[in-house]
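Notes follow the structure.
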Amino acid sequence: MTKLPLVSVVIPAYNAEKTILTCLDSVRLQTYSELEIIVVNDGSTDRTVELLGSYQKEYPLFQLRVFHQKNAGPSAARNFGIAESQGEFIAFLDSDDRWVRDKIENQLKVFKADDTIGLVGGLISVGVPKCADESFEIKEISLKKLLFKNCFMTSSVICRREILLKSNFNVSQKYAEDYRLWLEVVSMGVRCVVLQRHVTTMNDKPLFGASGLSAKLWQMEKGELSNFNWLRNKRKIGVFCYLLVCLFSLVKFLRRLLVSGLRKIL
């Protein structure tokens with residue numbers, strides 16, 4: 001009998017006492033069982049650590065490992081988790097998100113069907129999980145397409161570990177750092193696809209302009225623009241392409257600013 005590949009699940013957690021249990025439940029209840037779960041506590045000051053300890057005691061067979069670091073941000077926490085991982089694949093999950101039950105099983109089917117694929121994302125929903133009766137189609141994401149739209153929400157991504165050992169999250173960047181990594185991976189020639197099924201349910205807040213990092217729209221925009229500048233400096237894109245995607249990004253920023261303003265009024 002062929003041994004199933006191990007998937008390492010990396011979860012950064014900072015003051016996640018309200019959501020960490022439902023997050024872990026969504027991993028524990030996956031239809032795919034060969035998982036190791038790595039939670040990196042990023043200097044939490046609430047009950048996150050206490051809840052993680054209780055979860056380990058309640059589910060001793062659940063392969064949950066908890067690590068601690070001083071508050072350094074999600075990029076450092078994810079990089080730490082990658083370094084500690086042992087799986088052939090690494091899947092990312094934020095502590096306030098949760099997975100659809102067959103998320104890992106379906107994404108691994110994509111890898112099995114085509115071993116030239118290096119990274120698989122999926123569709124997300126906000127607040128209420130989508131119906132599971134969806135297409136199993138995949139869409140390949142080129143660098144050109146990714147420049148105009150970030151198609152990979154971090155909590156939906158699973159990637160071959162060997163790729164992430166070459167390229168990590170940029171710890172000096174606070175905003176759009178995950179987008180930069182996906183741009184880097186695609187620019188390396190790695191085949192990246194999005195499975196056209198909902199695999200991740202995010203929390204109930206809008207995708208931008210609500211609270212936390214998402215509320216700081218200009219900082220997010222500067223992070224995105226810095227990603228394009230980084231690609232230009234690496235000669236991954238030309239000057240004309242750089243100017244075009246920057247202009248397009250600024251137009252999107254103005255639209256988000258308008259939408260956020262209308263939400264406050266209404």
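- Follow the hydrophobic side-chain contacts under 4.5 Å out from Phe111 and you never reach Leu6; the two are in separate clusters.
- Shortest non-hydrogen contact noted between Glu84 and Arg65 is O-NH2, 2.9 Å.
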* Stepwise side-chain contact (heavy atoms from CB on, under 4.5 Å) check, Ser125 with His198 -> CA-CA 7 Å; Ser125 59; His198 283 86; 3.8 Å; yes
* To do: Check step by step if side-chain hydrogen bond (donor to acceptor under 3.5 Å, both in side chains) holds for Glu224 and Ser249.
  => CA-CA 8 Å; Glu224 185 165 300; Ser249 179; 2.6 Å; yes
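- Remark: side-chain polar atoms of Thr200 are paired, donor with acceptor, to backbone N or O of Ser155 under 3.5 angstrom.
- The hydrophobic clustering, which links ILVMFWY residues whose side-chain heavy atoms are closer than 4.5 Å, places Trp99 and Val110 together.
- Looking only at side-chain heavy atoms (C-beta outward), Val66 and Gln56 come within less than 4.5 Å of each other.
- From Arg28, atom CZ reaches atom CZ of Arg101 across 10.0 Å, with rounding to the nearest 0.5 Å.
- Considering all non-hydrogen atoms of both residues, Gly122 and Val199 come closest at CA-CG2, 3.7 Å.
- Between Glu105 and Lys109, some side-chain heavy-atom pair lies under the 4.5 Å cut-off.
- Here the side chains of Leu247 and Val245 are not in contact, with every heavy-atom distance at 4.5 Å or above.
- Hydrophobic clustering places Leu225 together with Leu147 (ILVMFWY residues linked when any side-chain heavy atoms are closer than 4.5 Å, directly or through intermediates).
- Shown here for Ile82 and Val10, the closest heavy-atom pair between the two residues is N-CG2, 4.2 Å.
- With Thr19 contributing its side chain and Ser95 its backbone, the two residues share a donor-acceptor pair below 3.5 Å.
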* Take Thr201 and Asp97 through the test side-chain contact (heavy atoms from CB on, under 4.5 Å) and record every step on the way to the result. => CA-CA 6 Å; Thr201 302; Asp97 298 334; over 6 Å; no
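- Note that the CZ atom of Arg197 and the CG atom of Asp102 stand 5.5 Å from one another [nearest 0.5 Å].
- Residue Lys236 holds its NZ atom at 8.0 Å from CD of Glu184, rounded to the nearest 0.5 Å.
- Inter-residue side-chain proximity for Leu64 and Val27 is flagged as unmet; no heavy-atom pair is nearer than 4.5 Å.
- You'll find the side chain of Ile163 reaches within 4.5 Å of the side chain of Val185, heavy atoms only.
- Under the 4.5 Å side-chain criterion, counting only non-hydrogen atoms from C-beta, Leu119 is not in contact with Ile158.
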* Between Val186 and Ser142, does a side-chain contact (heavy atoms from CB on, under 4.5 Å) hold up when you go through it step by step? -> CA-CA 7 Å; Val186 173; Ser142 64; 5.7 Å; no
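- When all heavy atoms are compared, the tightest approach of Asn106 to Phe136 is O-CZ, 3.4 Å.
- Panel note: side chain Gln173, backbone Tyr175; a donor-acceptor pair is recorded below 3.5 Å.
- The line from OG of Ser33 to CD of Gln63 is 9.0 Å long, rounded to the nearest 0.5 Å.
- Counting side-chain heavy-atom gaps under 4.5 Å among Ile, Leu, Val, Met, Phe, Trp and Tyr, the cluster of Phe80 also holds Ile38, Val40, Phe67.
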Side-chain atoms of residues 86-94: list all donor-acceptor pairs with protein atoms under 3.5 Å, sequence neighbours left out, distances to 0.1 Å.
unit_1: Asp94; atom_1: OD1; unit_2: Arg78; atom_2: NH2; d: 2.8

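- A donor and an acceptor atom, one from each side chain of Tyr59 and Asp25, are nowhere located under 3.5 Å apart.
- In the model, Ser44 has a side-chain atom that pairs as donor or acceptor with a side-chain atom of Asn41 under 3.5 Å.
- For the 3.5 Å distance criterion, the side chains of Arg161 and Ser85 qualify, holding a donor opposite an acceptor.
- The two residues Gln107 and Gly121 make their nearest non-hydrogen contact at NE2-O, 3.2 Å.
- Hydrophobic clustering of Ile, Leu, Val, Met, Phe, Trp and Tyr side chains at less than 4.5 Å, counting indirect connections, unites Ile104 with Ile138.
- In summary, the side chains of Thr48 and Glu17 do not present any donor paired with an acceptor at a separation below 3.5 Å, with no hydrogens or angles considered.
- Between Phe228 and Tyr242, the distance from one ring center to the other does not fall under 6.0 angstrom.
- Between the Ser167 side chain and the Leu164 main chain, no donor and acceptor come within less than 3.5 Å of each other.
- Closest of all the heavy-atom pairs between Glu177 and Ser75 is CG-OG, 2.8 Å.
- Atoms CG and CH2, on Asn227 and Trp182 in that order, are 12.0 Å from each other to the nearest 0.5 Å.
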* Yes or no on side-chain contact (heavy atoms from CB on, under 4.5 Å) for Val39 and Ile37, after CA distance, side-chain angles and deciding distance? -> CA-CA 6 Å; Val39 176; Ile37 297 81; 4.1 Å; yes
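- Taking the six-membered ring for Trp and the full ring otherwise, Tyr179 and Phe152 have centroids separated by 6.0 Å or more.
- Linking Ile, Leu, Val, Met, Phe, Trp and Tyr residues whenever their side-chain heavy atoms come within less than 4.5 Å places Phe62 and Leu35 in a single cluster.
- Here the side chains of Asn15 and Asp42 are not in contact, with every heavy-atom distance at 4.5 Å or above.
- Applying the side chain to side chain contact (heavy atoms under 4.5 Å, CB included) test to Asp114 and every residue at least two apart in sequence or in another chain returns Thr116, Ile117, Arg191.
- Contact annotation: the side chain of Leu181 never approaches that of Asn168 to less than 4.5 Å [non-hydrogen atoms, C-beta and beyond].
- To the nearest 0.5 Å, atom SG of residue Cys151 and atom CG of residue Leu146 are 5.5 Å apart.
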